[in-house]
Amino acid sequence: MTLNATPKMSAIDNKPGLDDGAYILDSVTVTEKGKVSIYKRDQMKIYSKNRFMFAFYNQLTDRVDAASGMTEWVNGVLVETPTANQDEAIEGLSFDLAISATETGYCQRLEGMRYGERSVDMVEQWITLSTETSEFDGLWKLERSSPEICSRAGLCEMKLIGGEHYIFFQRYSDKGQPVTHFGFGSCQTGDSGSLIETGMTSSIEGYAGAEYTLQLELVDNNQLRQVFEQDGTLVTQIYSRI
C-alpha cells in the first residue's frame with residue numbers, strides 16, 4: 001500500500017512514550033467504505049534516536065514498500081516525517097499517529113489515509129521484539145564501498161539499527177530499469193567484537209535465514225564502518241548518520 005497524503009489523526013487512546021526498539025507487525029485492519037479487511041504480513045518497524053524505518057513486500061501492489069525518516073511527539077501524537085522511501089527522497093509529507101500501549105507492544109491508528117483515489121482507516125497491531133540498545137543504533141545512509149561489490153548504477157541504501165534488529169532498503173538501476181530491495185533481521189554480538197546478522201525476511205533470494213558476520217566500528221559519532229567478507233574479498237562500507 002503506497003501512501004501519498006497526510007492522514008487525519010484519530011485522538012483515541014493517545015499514550016506518548018513509545019520505547020525505542022524493534023517491532024514486528026501482528027495484523028493490520030483496513031476499513032474502506034464500511035468494508036473491513038484484516039491482513040497479515042511480514043513487516044518490521046524500528047524506532048531509534050528519533051528516527052524510524054519500516055519495510056515489507058506489499059502483496060496489494062506486488063512491490064517493495066519501505067520508508068525511513070524522522071519522528072517527534074507533538075501534544076501526545078507521534079509525528080512521522082519520511083525523508084526517503086524505496087523509490088526516491090521525500091519532502092513535504094508527514095503522518096500523525098495515534099499510539100496506544102498494549103500488553104505485547106502497541107497499537108497504531110490512522111483515519112482517512114489516502115492512497116490514489118481511495119481513503120481508508122487503518123489499525124495496526126505491533127509486537128515488541130526488543131528494546132535493547134547499542135552504540136550502533138540509529139539511521140545510516142551508505143556513502144561508499146571499497147572495493148565496489150557490484151555494478152549497481154545509482155545505488156542508494158538506508159539502514160536502521162535498533163532493538164537488537166536492523167532493517168535496510170536499497171534502490172539502483174539495472175540496464176536502465178529501477179530495482180528495489182529490502183531486508184530485515186536480528187543482530188547479536190559475536191566473537192572478537194563481531195556482529196552476527198540473521199536475515200528474517202527479504203526480497204533478495206536466499207537472504208532469509210542466512211547469517212552474516214560483520215565487523216562494525218564507529219569512526220566518529222556520525223560515521224559507521226562496516227566490514228565483511230564476500231567471495232573471499234574483504235569489503236569495507238562507510239555509512240553516514242541521518
Side-chain angles (χ1 to χ4, degrees), residues 1-19 21-47 52-88 90-129 160 165 167 169 171 178-184 200-203 208:
M1 187 178 296
T2 302
L3 309 179
N4 57 11
T6 302
K8 297 179 180 178
M9 188 277 300
S10 171
I12 300 174
D13 295 331
N14 275 330
K15 187 177 291 184
L18 177 66
D19 292 331
Y23 300 85
I24 198 78
L25 184 69
D26 179 56
S27 66
V28 54
T29 301
V30 177
T31 303
E32 181 179 9
K33 296 181 179 179
K35 180 182 178 180
V36 178
S37 301
I38 299 177
Y39 298 97
K40 297 278 189 176
R41 63 190 181 218
D42 291 329
Q43 179 177 355
M44 185 183 286
K45 192 170 192 177
I46 296 177
Y47 291 103
F52 78 93
M53 183 182 290
F54 69 81
F56 66 103
Y57 193 84
N58 194 331
Q59 299 294 338
L60 297 179
T61 59
D62 196 28
R63 66 196 304 265
V64 172
D65 203 335
S68 62
M70 323 292 283
T71 64
E72 64 175 333
W73 288 96
V74 179
N75 297 324
V77 175
L78 182 61
V79 180
E80 291 185 351
T81 303
T83 56
N85 66 15
Q86 72 281 348
D87 295 322
E88 59 189 354
I90 302 173
E91 293 183 359
L93 188 63
S94 67
F95 299 94
D96 296 340
L97 307 182
I99 300 291
S100 58
T102 66
E103 291 185 359
T104 57
Y106 73 96
C107 174
Q108 172 180 305
R109 302 171 184 265
L110 303 96
E111 292 187 353
M113 178 67 69
R114 301 191 64 86
Y115 59 101
E117 298 300 319
R118 301 167 63 185
S119 177
V120 303
D121 298 338
M122 300 177 64
V123 178
E124 297 178 353
Q125 302 289 342
W126 293 86
I127 298 172
T128 304
L129 292 174
L160 183 60
H165 289 76
I167 304 174
F169 66 86
R171 59 180 182 270
V179 178
T180 58
H181 282 300
F182 82 97
F184 58 73
M200 294 169 60
T201 297
S202 178
S203 58

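Only heavy atoms go into these numbers, but all of them, side chains included; no hydrogens, no water, no symmetry mates. If you're wondering where the values come from, they're calculated on a predicted model, not measured in any experiment.
The distance from atom CD1 of I90 to atom OG1 of T81, rounded to the nearest 0.5 Å, is 10.5 Å. We find the OG-CD distance between S119 and E111 to be 10.0 Å, quoted to the nearest 0.5 Å. Interatomic distance, D26 CG to T104 OG1, rounded to the nearest 0.5 Å: 7.0 Å. A distance of 5.5 Å separates CD in Q125 from OG in S27, rounded to the nearest 0.5 Å. Expressed to the nearest 0.5 Å, how far CZ of F56 lies from CD1 of I167 amounts to 11.5 Å. In this structure, the separation between CG on L18 and CH2 on W73 is 5.5 Å, given to the nearest 0.5 Å.
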Between D65 and R41, does the salt bridge (Lys or Arg N to Asp or Glu O under 4.0 Å) criterion hold? Intermediate values first, please.
CA-CA 12 Å; D65 203 335; R41 63 190 181 218; over 6 Å; no

Does L97 form a side chain to side chain contact (heavy atoms under 4.5 Å, CB included) with V77? I'd like the steps, not just the answer. CA-CA 6 Å; L97 307 182; V77 175; 5.7 Å; no

Side chain to side chain contact (heavy atoms under 4.5 Å, CB included) between C107 and V123: does it pass, once the steps are laid out? CA-CA 7 Å; C107 174; V123 178; 3.5 Å; yes

How far apart are the C-alpha atoms of F169 and S68, what are their side-chain angles, what is the distance that settles it, and do they pass the side chain to side chain contact (heavy atoms under 4.5 Å, CB included) test?
CA-CA 9 Å; F169 66 86; S68 62; 3.8 Å; yes

ask   = What's the verdict on side chain to side chain contact (heavy atoms under 4.5 Å, CB included) for I24 and F184, showing C-alpha distance, side-chain angles and the deciding distance?
value = CA-CA 10 Å; I24 198 78; F184 58 73; 4.2 Å; yes

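In this structure the side chain of M53 never reaches within 4.5 angstrom of the side chain of K45, judged on heavy atoms. M44 has its side chain out of reach of T201: every pair of non-hydrogen atoms, C-beta onward, lies at least 4.5 Å apart. With a 4.5 Å cut-off on side-chain heavy atoms, V30 and V120 count as touching. Taking 4.5 Å as the limit, some side-chain heavy atom of R63 sits within range of a side-chain heavy atom of Q86. Contact of the H165 side chain with the M200 side chain is registered, since non-hydrogen atoms from C-beta on lie closer than 4.5 Å. Looking at heavy atoms from C-beta onward, D121 lies out of side-chain contact with L110 at the 4.5 angstrom threshold. A 4.5 Å side-chain heavy-atom check between Q108 and W126 finds at least one atom pair inside the cut-off.
No donor-acceptor distance shorter than 3.5 angstrom exists from the side chain of N85 to the backbone of A66, with no hydrogens or angles considered. In terms of modelled atom types and a separation under 3.5 Å, the side chain of T71 and the main chain of E80 share no donor-acceptor contact. Judged by distance alone, the side chain of S203 and the main-chain N or O of F182 form a donor-acceptor pair under 3.5 Å. Side-chain N or O atoms of T31 include none that pairs as donor or acceptor with a backbone N or O of G34 at under 3.5 Å.
Between R109 and D96 there is no salt bridge, since none of the side-chain N atoms of the basic residue sits less than 4.0 Å from a carboxylate O of the acidic one.
Residues D62 and Y57 have side chains that bring a donor and an acceptor to within less than 3.5 angstrom of each other. With 3.5 Å as the limit, one finds no donor-acceptor pair spanning the side chains of Y23 and E124.
Between T83 and G69, the shortest heavy-atom contact is OG1-CA, 3.6 Å. Residues R118 and E32 share a closest heavy-atom pair of NH2-OE1, 2.6 Å.
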